[in-house]
Amino acid sequence: MGMVTIRIDGKPIEVEEESYILQAAQTLAIDIPTLCWYRYINPYAACRLCMVEITDKRGRVRMVTSCNFPAEAGLGVRTHTPRVLATRRMNFEMLASRCAPAPVLVDLGKKLGIENPRWGWGEDTCILCGLCVRVCDEVVGAQAIGFAARGTSRTVTTPFEVDSEACILCGACAAVCPTGHIRMEECSGREIVHREITLGPNAAISVPFRQAVPNAPRIDPEYCVHFRTGGCKVCAQVCPMECIDHEDEERREEIEVGAVILATGFQDLDPTPLKQYGYGKLPNVITSMEFERMNSAAGSTDGKILMEGGQEPRSIAILHCIGSRDEKHHPYCSRVCCMYALKFAHLVKEKTTAEVYQLYIDLRSFGKGYEEFFQRILTEGVNLIRGKGAEVVPAPQSRRDEGPLLVRCEDTLAGRFREIPVDMVILCTALEAQQDAKETGRKFGVSVGADGWFIERHPKLGPVSTTTDGIFLAGACQGPKDIPDAVAQGGAAAAQAMSLMIRGEVEMDAACAVVDEALCSGCRLCNELCPYGAISFDIEKTLSLVNAALCKACGTCAAGCPSGAIKGLHFTDQQIYAEIEGILS
Amino acid sequence: MAKPKLALYWASSCGGCEIAVLDTELKVLEIADFFDIVFWPCATDFKYDDVRAMKDGEITLTLFNGAIRNSENYELAKLLRQKSVVLCAFGSCAADGCIPGLANFTTAEEILRYVYEDSPSTVNPEKIRPQTEYAVPEGVLSIPHFWNTVRNLSQVVDVDYIMPGCPPQPDQIKLVVDAVIDILKNGKPLPPKGTVLGADERACCDECPRKKDVKTIKKFVRPHEIIPDPEICLLEQGILCMGPATRGGCGAKCVNAGVPCRGCYGPPANVRDQGAKMASAIAGVLDADDPSEIDAIIAGIPDMMGTFYRFSLPHSTLRRKQVRA
Amino acid sequence: MSFEPRLVGFLCNWCSYTGADLAGTARMKYPPNMRVIRVMCSGRVDPNFILEALAHGADGVLVLGCHPGDCHYAEGNYKCRKRLPITKRLVEGMGIEPQRVRLEWVSASEASRFSEVVTEFTEQIRVLGPLKLEDWTFDRAAADAQLEHN
Ligand SMILES: Cc1cc2nc3c(=O)[nH]c(=O)nc-3n(C[C@H](O)[C@H](O)[C@H](O)COP(=O)(O)OP(=O)(O)OC[C@H]3O[C@@H](n4cnc5c(N)ncnc54)[C@H](O)[C@@H]3O)c2cc1C
Ligand code: SF4
Ligand code: SF4
Ligand code: FES
Ligand code: FES
């Protein structure tokens, strides 16, 4: 379709032929009141508040509804002439005579200069704009509602005024209704899919959470109207970058890679089984991770340190080594807790006036700048108690007003038992290997240690590589570590992976299996033995062959060849026999 | 020029190897023509004393067949070693112990008790056993000492060459004879000591014409339990064929006749223990992962020890069964 | 003098050998009776090696590999798990107590398990007593003596 130039209030504008003049006016930021118009629904011209005066190409002057009047070459439009304003006012007053004073109408009236409509206000909250009926039909595609009856008894309703199965409970009608005449209600045992349709973050298309990576919205097909009716796709029209593709779907992609870095991290210990700390039973006993969430600006309390009831705590006990350095749970030290516990103390001191008690076994501030940080915390008035928190119980009546939670411990420096009433307890739970670490390890040929952490090739000489070539480790999946260490390891792993990739070729161990052609009888007993499929059978020569590039030198085939034709280089039968004789002589 | 001297001896064996020499047909005449046969108890009338009377190294070549089962076998092995330039273990008994060697699954005592006391056809209420020495008025009579453990030739004397087979196949004997004559006539160098003659480097499967595929074994059967497909590898059909762990050279006679290889040519060049190798090879391809299922399949191997070691027990790694009283 | 078993251990490079190493660096105690032969995988262990060790004076042979599913080469230990039972039967067929051959799984981190297995196996062999292979070596002097006599 061609472009034409029209003039609105004297300003020329080039628009698509037959596009509606309301849109052109909006582009020029000229305000024209509307009630039954909505950007993503076809114009309907029901409210008649968008009236404008035009001069067509034959010179005729007319009053038209701008929302559905098509542009044509040479068209002149006037939006605020006295005649136009009078017409709009008249139309508004007629509408008001039927309709209840909903906020939109009252506001609009004010804009038009009408405080008290001359025929008064009516009672109907429905202004019969038809937005709901049209959104349901044109956008949602459910066609669950329509108009019934005529004239003064005209209403919006479901067919035969009964609960309609056709309604998908999307709430689009309620969202577009300007007066709030349509509401979503649960009935017939059906749950409203999203009553918050207009509240961005919960809509069917949204960014999953504030710091999501990538920070892009995604469509939830369970809620998205398009996936239920085939209609809508309003989001695609809204997006100016044309990023939204409803046809896109979850895909499994196979990517060929030459190196893999495992960085699957840790999980935090669930302290529920450690009943003595009352986690899950006593209020305001939380884990360190929960405390971290609370301190996150994007977290549930917007970064404020609050108790369940919403008040600020007066005192907080931070219990170190929950499940760490504990024969019953994890014998190892989780390494990061001492330092983040000090960080917690600092945060509490910064944000609140609460008293902080740190209950520790030893304070391990081993890293660069860590001891200095510890010294600084000491000057911030934090109570440090050397002794592991023994239990958390409800405080007795007599001490309840000091704090509803009583922390018991042995202060090994003071040499006495202590009972400290506090408002809140933070449990520094152990870092554990991921539950599925063993399974993940198996997939990549990496073993896990007794505690479930991946085992590196060598603790000193190969800290990021593994016994499987091309598989590297980074971060806490290899053992508890803090961010600087995890990042350092990540960098090292990436560098090792890069060095493999840049070379473009792999150096192989000289050890591999070799078939001695003079000895191979072609029995094919070895053919299926190799886990890497390195052995093939040469039909011409009736011999089996080992592909040295695939062979990993396990020697399984050498042990299985009944002819002794396969030599496991570096571990030949002769070498092993010599070893046997040697160690037994 | 004097003819090269040849000796053939038959220690503990069935005699089949000597028949195999005769089975070389016209070649035997050529042998008789080329060599001066100085000792061949089976065919010619020489006495042990004739050999004793020879100079050391007087015999050019001795083909020694049979295992060393008793003191007489041992004595002759020593004697012939001393008198011969080249001593060849001829046939599986001399090479690996062979069928007589199966006696190593039991003891001399058990054998004697059975033969002289327990066998159903024996009536010997006084339980009289043969004595190695018995005094009679004319002097002391002696018979050889019956050993508890059968040995192969190389375990008791130094052996130069080995020619396996039960018996060595006549065609192979012919080839070896031709080679020996060629060497002696034309002054060619001898093959290195320890060389296996008249057999292949590769295992029997190399000569076996059956179609071979990758193998997985679910169950072992005896040959009479199924009608084996004549075209397909017997092992793939669950029949424990020793071919893969047996030196080739026989022309795969048994498998061509539809029965599994018994293993008479002994272990292939690079294998120490024929039974253990076979065990390792078949275990690796068992179609089971559950330990009890694995064990059940293994338990179903018919006469496992007999099959694995039919021809090589004395020369195997453990040499004999440990029989505790 | 009390009997000190002589044991040979075939240890897989990736798990048990590393486990043994760890037991060492962790200063764990276990009997010194076992001499170790490192193989890349328990799948490399040929029954021939086991017989060879027994023939050369070992009183027991321990094969250690990665736990099922953990083999560095995916399934070498499954092959070993198939070969060991037949080897034990073979050893038994040779009149030797099958308990003298044992397969166990020890991972790289199981230093304490390694020392336990070795301790336990050593004790088991100590109870079984020395493995004397009757008539294994050819007694030339005795054979020659028989000839003298005759
Ligand atoms: C309460 C608390 C406070 C802390 N505070 C600090 C601090 O102040 N300073 C500091 O230096 N350190 C701190 N740490 C330590 C820090 O959290 C770790 O060092 C860091 O998270 C380790 O990073 P990572 O990438 O190795 O593992 P993780 O952060 O655990 O990341 C692993 C990622 O891998 C993903 N993943 C897991 N399995 C799979 C799989 N199979 N496939 C695909 N993805 C998978 C996980 O979803 C996760 O996103 C704290 C730890 C805790 C528990
Ligand atoms: S098992 Fe040995 S003899 Fe048989 S095909 Fe394989 S390499 Fe050749
Ligand atoms: S040594 Fe192992 S990896 Fe190599 S060909 Fe043999 S079975 Fe395959
Ligand atoms: S012995 Fe070779 S085929 Fe039978
Ligand atoms: S690598 Fe350890 S058993 Fe295979």
Chemist: Decide yes or no for Lys215(B) and Arg524(A): does some side-chain heavy atom of the first lie under 4.5 Å from some side-chain heavy atom of the second?
Modeler: yes
Chemist: Of the non-hydrogen atoms in Gly560(A) and Ser280(B), which two are nearest, and what is the gap between them?
Modeler: CA-OG, 4.0 Å
Chemist: In a check of side chain to side chain contact (heavy atoms under 4.5 Å, CB included) between Cys523(A) and each of Cys204(B), Cys208(B), Cys233(B), Cys205(B), which one passes?
Modeler: Cys205(B)
Chemist: Can you confirm whether more than 12 heavy atoms, excluding those of Gln435(A), are under 6.0 Å from its CD atom?
Modeler: no
Chemist: Taking atom CD as the centre, does Glu439(A) end up with more than 12 heavy-atom neighbours from other residues, nucleotides or ligands that are less than 6.0 angstrom away?
Modeler: no
Chemist: Identify the two heavy atoms, one from Ser563(A) and one from Pro244(B), that lie closest to each other, and give their separation to 0.1 Å.
Modeler: OG-O, 3.3 Å
Chemist: Heavy-atom count around Lys328(A) NZ within 6.0 Å, excluding the residue itself: above 12?
Modeler: no
Chemist: Answer whether the closest heavy-atom distance between the side chains of Asn270(B) and Asp516(A) falls below 4.5 Å.
Modeler: no
Chemist: For the side chain of Lys212(B) and the backbone of Leu525(A), is there at least one donor-acceptor N/O pair under 3.5 Å apart?
Modeler: no
Chemist: As an exercise, state the distance from CZ of Arg202(B) to CG of Leu519(A), rounded to the nearest 0.5 Å.
Modeler: 8.5 Å
Chemist: What part of Asp200(B) is in contact with chain A, defined as an atom under 4.5 angstrom from a non-hydrogen atom: side chain, backbone, both or neither?
Modeler: neither
